[in-house]
Peer 1: 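The structure follows.
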Amino acid sequence: MDGRCGKPCTRHQEAGGLALNLILLNRFFYPDHSATSQMLSDLAFDLAAKGARVTVITSRQRYDAPGVVLSAAEMVSGVQIRRVWTSRFGRQNLLGRSIDYVSFYVTAAWALFRLADRGAVVISKTDPPMLSVIANPISRFRGAQAVNWLQDVFPEVAEALGVGSNAISRMGFALLRRLRNRSLRRASMNVVIGDRMADLLTAIGVAQSQICVIPNWADGKVLNPVAPENNSLRKSWGLSGNFVVGYSGNLGRAHEYETLLVAIKDLEHTSNGEKPIVWLFIGGGALFETFKREVENLNLTSVRFEPYQPREKLAESLSASDVHLVSLRPELEGLIVPSKFYGVAAVGRSTIFIGSDDGEIARVLARAKCGATVQMGNGMALAQAVLAFASNPVTCTQMGRNARRVFEHEFDMAIAMERWQQLLRELLGPDALHSAVPETLVVQRVASRIE
């Protein structure tokens with residue numbers, strides 16, 4: 001996530017001074033608060049505030065409340081939201097989820113065909129997967145520029161998780177990969193969220209001039225460190241006087257919990273002087289309840305579970321822990337970047353990353369000296385890392401300060417918004433947005449790498 005710079009894009013609008021016409025596609029958007037929705041909402045509202053004409057094509061559903069049906073059309077803070085119909089089978093089975101995806105492809109494609117026009121920029125995210133395959137041809141046909149914003153890389157993610165390992169599935173994935181690669185190579189730009197993802201796109205033949213690295217972010221104005229003595233959640237949860245190891249957010253198929261169980265069992269009755277070690281898990285996900293049952297079956301008493309917290313409590317929620325855990329299966333490196341880290345860094349807490357020591361987050365931890373990495377499956381190493389942090393509060397605190405420092409320089413929302421503005425100026429010309437963007441801030445590109 002160090003600087004990457006390349007030659008400016010020369011696809012400029014002929015008419016200077018024209019405000020940007022931007023169309024965003026993703027299955028979830030405000031008021032939904034899932035990760036991809038939050039990133040898209042931040043970008044849409046920021047660009048609308050700067051004079052762009054922003055339209056979002058999304059579904060009428062909320063990821064965090066599947067039973068809710070949102071209005072078909074709405075204007076929020078200058079953003080025109082067009083919510084299309086989709087089926088609602090949910091995430092319980094693969095067939096139902098696939099039908100939900102297909103229904104969104106069809107209705108979103110029709111909405112895009114009607115709304116896109118010459119000079120517009122269409123930004124497609126990756127929920128549902130392969131959205132660029134549908135959106136890019138329509139964008140080009142209507143004279144708009146296509147930008148793919150990759151939060152993950154499909155079908156490689158599915159393959160890495162063991163989905164569809166039979167011969168028919170492999171043939172299907174091969175076809176999808178060819179279609180996906182074609183849509184990436186023909187796009188005006190592909191925005192990826194990490195260096196390793198950029199390397200993967202280069203390896204499949206996407207030109208370096210078509211790849212832009214803009215990491216995900218957190219809002220440093222909202223997420224600030226909260227001292228333990230001022231943290232009402234830490235007090236109400238009975239965590240005062242403990243060394244707290246936190247895990248916040250989704251515990252899903254991209255993660256695992258066996259490493260955690262080994263470490264928890266090993267440290268169950270270990271304390272650092274007068275500070276017992278407590279494990280705090282906040283959130284949900286596909287593995288969350290299973291992990292909770294395993295903890296109960298093993299009678300582990302040092303673990304506390306809490307539900308997702310409202311956004312206004314997030315700074316206190318994240319600050320309730322002294323060190324945080326972030327994990328990613330090594331086979332998913334370059335396909336996904338865990339977004340948990342950015343919120344953790346924003347509140348000035350150190351991180352123990354469980355995964356590849358050459359992973360995206362592991363590289364940041366080593367470079368910024370704001371955490372440690374242990375191999376997935378090595379529960380004893382995780383226990384030793386936790387004990388080292390608990391036994392050295394000065395080092396733990398200093399690494400937290402380092403985390404906030406690197407966050408302020410690289411991962412704050414304001415920085416990401418400026419990078420997006422600069423990218424759009426390069427695509428459409430310097431007058432595409434009315435507000436000024438600092439010339440010293442350049443969009444990260446793949447052409448060169450500063451380590």
Side-chain angles (χ1 to χ4, degrees), residues 34-35 63-64 90-94 97 157-158 160-163 165 233-234 237-239 242-272 275-309 317-318 320-333 336 338-341 343-344 349 351-356 359 361 371-390:
S34 59
Y63 183 90
D64 52 359
R91 304 186 299 274
Q92 301 306 313
N93 64 80
L94 184 60
R97 186 185 304 183
V157 167
L161 294 176
V163 176
S165 56
L233 282 183
R234 185 175 172 114
W237 289 339
L239 300 175
N242 296 288
F243 182 84
V244 183
V245 183
Y247 185 100
S248 182
N250 181 63
L251 181 62
R253 296 179 181 87
H255 319 110
E256 57 88 55
Y257 57 76
E258 289 80 7
T259 307
L260 305 177
L261 287 175
V262 172
I264 294 168
K265 285 189 290 185
D266 185 65
L267 296 179
E268 179 75 1
H269 302 294
T270 300
S271 64
N272 176 38
K275 284 193 172 184
I277 295 171
V278 175
W279 304 74
L280 174 64
F281 290 84
I282 304 171
L287 299 181
F288 196 86
E289 290 301 321
T290 304
F291 172 63
K292 189 175 181 180
R293 287 195 297 270
E294 289 278 2
V295 167
E296 293 170 352
N297 292 337
L298 293 169
N299 294 315
L300 298 174
T301 60
S302 60
V303 185
R304 183 182 183 98
F305 294 94
E306 296 291 343
Y308 282 110
Q309 298 300 301
S317 173
L318 292 172
S321 300
D322 298 288
V323 63
H324 277 261
L325 305 175
V326 175
S327 70
L328 182 68
R329 292 183 177 276
E331 58 268 29
L332 292 172
E333 284 291 347
I336 296 174
S339 59
K340 297 179 181 68
F341 168 74
V344 172
R349 295 298 185 266
T351 293
I352 300 175
F353 177 65
I354 306 168
S356 169
I361 300 302
T373 297
V374 299
Q375 295 294 314
M376 185 166 285
N378 194 341
M380 296 303 294
L382 175 58
Q384 292 168 7
V386 168
L387 192 58
F389 278 100

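All values reported here derive from a predicted model rather than from experimental measurement. This chain uses plain numbering: 1 for the first residue, then up along the sequence.
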Peer 1: For the OG atom of Ser321 and the CZ atom of Phe281, what is their distance to the nearest 0.5 Å?
Peer 2: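 Here the rounded value is 9.5 Å.
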
Peer 1: Using every non-hydrogen atom in the two residues, find where Ala286 and Asn250 come nearest and quote the distance to one decimal.
Peer 2: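 Residues Ala286 and Asn250, closest heavy atoms: N-OD1, 4.2 Å.
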
Peer 1: Distance check, rounded to the nearest 0.5 Å: Leu233 atom CG versus Leu280 atom CG?
Peer 2: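 It is 9.5 Å, given to the nearest 0.5 Å.
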
Peer 1: What distance separates Leu260 CG from Glu294 CD, expressed to the nearest 0.5 Å?
Peer 2: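 Reported value, rounded in 0.5 Å steps: 11.5 Å.
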
Peer 1: Looking at every heavy atom in both Leu251 and Glu256, which two are closest together, and how far apart are they?
Peer 2: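 Taking Leu251 first and Glu256 second, the nearest heavy atoms are CD1-O, 4.4 Å.
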
Peer 1: Taking atom CD1 of Ile352 and atom CD of Gln384, what is their separation to the nearest 0.5 Å?
Peer 2: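 Separation between the atoms: 11.5 Å.
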
Peer 1: How close do Gly379 and Ala263 get, counting heavy atoms only, and between which atoms?
Peer 2: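 Smallest interatomic distance, heavy atoms only, reads O-CB, 3.4 Å.
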
Peer 1: Looking only at heavy atoms, what is the nearest atom pair of Val374 and Ala381, with distance?
Peer 2: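 Shortest heavy-atom separation between Val374 and Ala381 comes out as CG1-O, 3.8 Å.
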
Peer 1: Using the side-chain hydrogen bond (donor to acceptor under 3.5 Å, both in side chains) criterion, which residues pair with Thr373? Sequence neighbours excluded.
Peer 2: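 Once residues adjacent in sequence are excluded, Thr373 has no partner under the side-chain hydrogen bond (donor to acceptor under 3.5 Å, both in side chains) criterion.
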
Peer 1: A side-chain contact here means heavy atoms from C-beta on lying under 4.5 Å apart; do Val278 and Trp237 qualify?
Peer 2: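 No, side chains not in contact.
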
Peer 1: For a quick test of reading the model, state the closest non-hydrogen atom pair linking Asp322 to Asn242 and the distance between them.
Peer 2: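 Minimum heavy-atom contact is OD2-O, 3.7 Å.
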
Peer 1: Would the distance check show the side chain of His324 and the main-chain N or O of Ser248 forming a donor-acceptor pair, the cut-off being under 3.5 Å?
Peer 2: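 Judged by distance alone, no pair lies under 3.5 Å.
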
Peer 1: Could you list the residues that satisfy side-chain hydrogen bond (donor to acceptor under 3.5 Å, both in side chains) with Ser302, not counting sequence neighbours?
Peer 2: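 Glu268.
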
Peer 1: If we only count heavy atoms from C-beta on, is the Ile354 to Leu382 side-chain gap below 4.5 Å?
Peer 2: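 Yes; the side chains approach each other to less than 4.5 Å.
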
Peer 1: Does Tyr308, at its OH atom, have more than 12 non-hydrogen atoms belonging to other residues, nucleotides or ligands within less than 6.0 Å?
Peer 2: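 More than 12 within 6.0 Å, yes.
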
Peer 1: Write down the atom of Leu300, the atom of Ile264, and the distance for their closest heavy-atom approach.
Peer 2: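 Scanning both residues, the minimum pair turns out to be CD1-CG2, 3.7 Å.
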
Peer 1: How long is the gap from CG on Leu267 to CD1 on Ile277, to the nearest 0.5 Å?
Peer 2: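 So the gap between those two atoms works out to 4.5 Å.
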
Peer 1: For Arg253, check side-chain hydrogen bond (donor to acceptor under 3.5 Å, both in side chains) against everything at least two apart and list the hits.
Peer 2: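 side-chain hydrogen bond (donor to acceptor under 3.5 Å, both in side chains) check on Arg253 returns nothing, list empty.
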
Peer 1: Report yes if the distance between the aromatic ring centroids of Phe305 and Phe288 is under 6.0 Å, otherwise no.
Peer 2: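 Centroid distance Phe305-Phe288: below 6.0 Å, so yes.
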
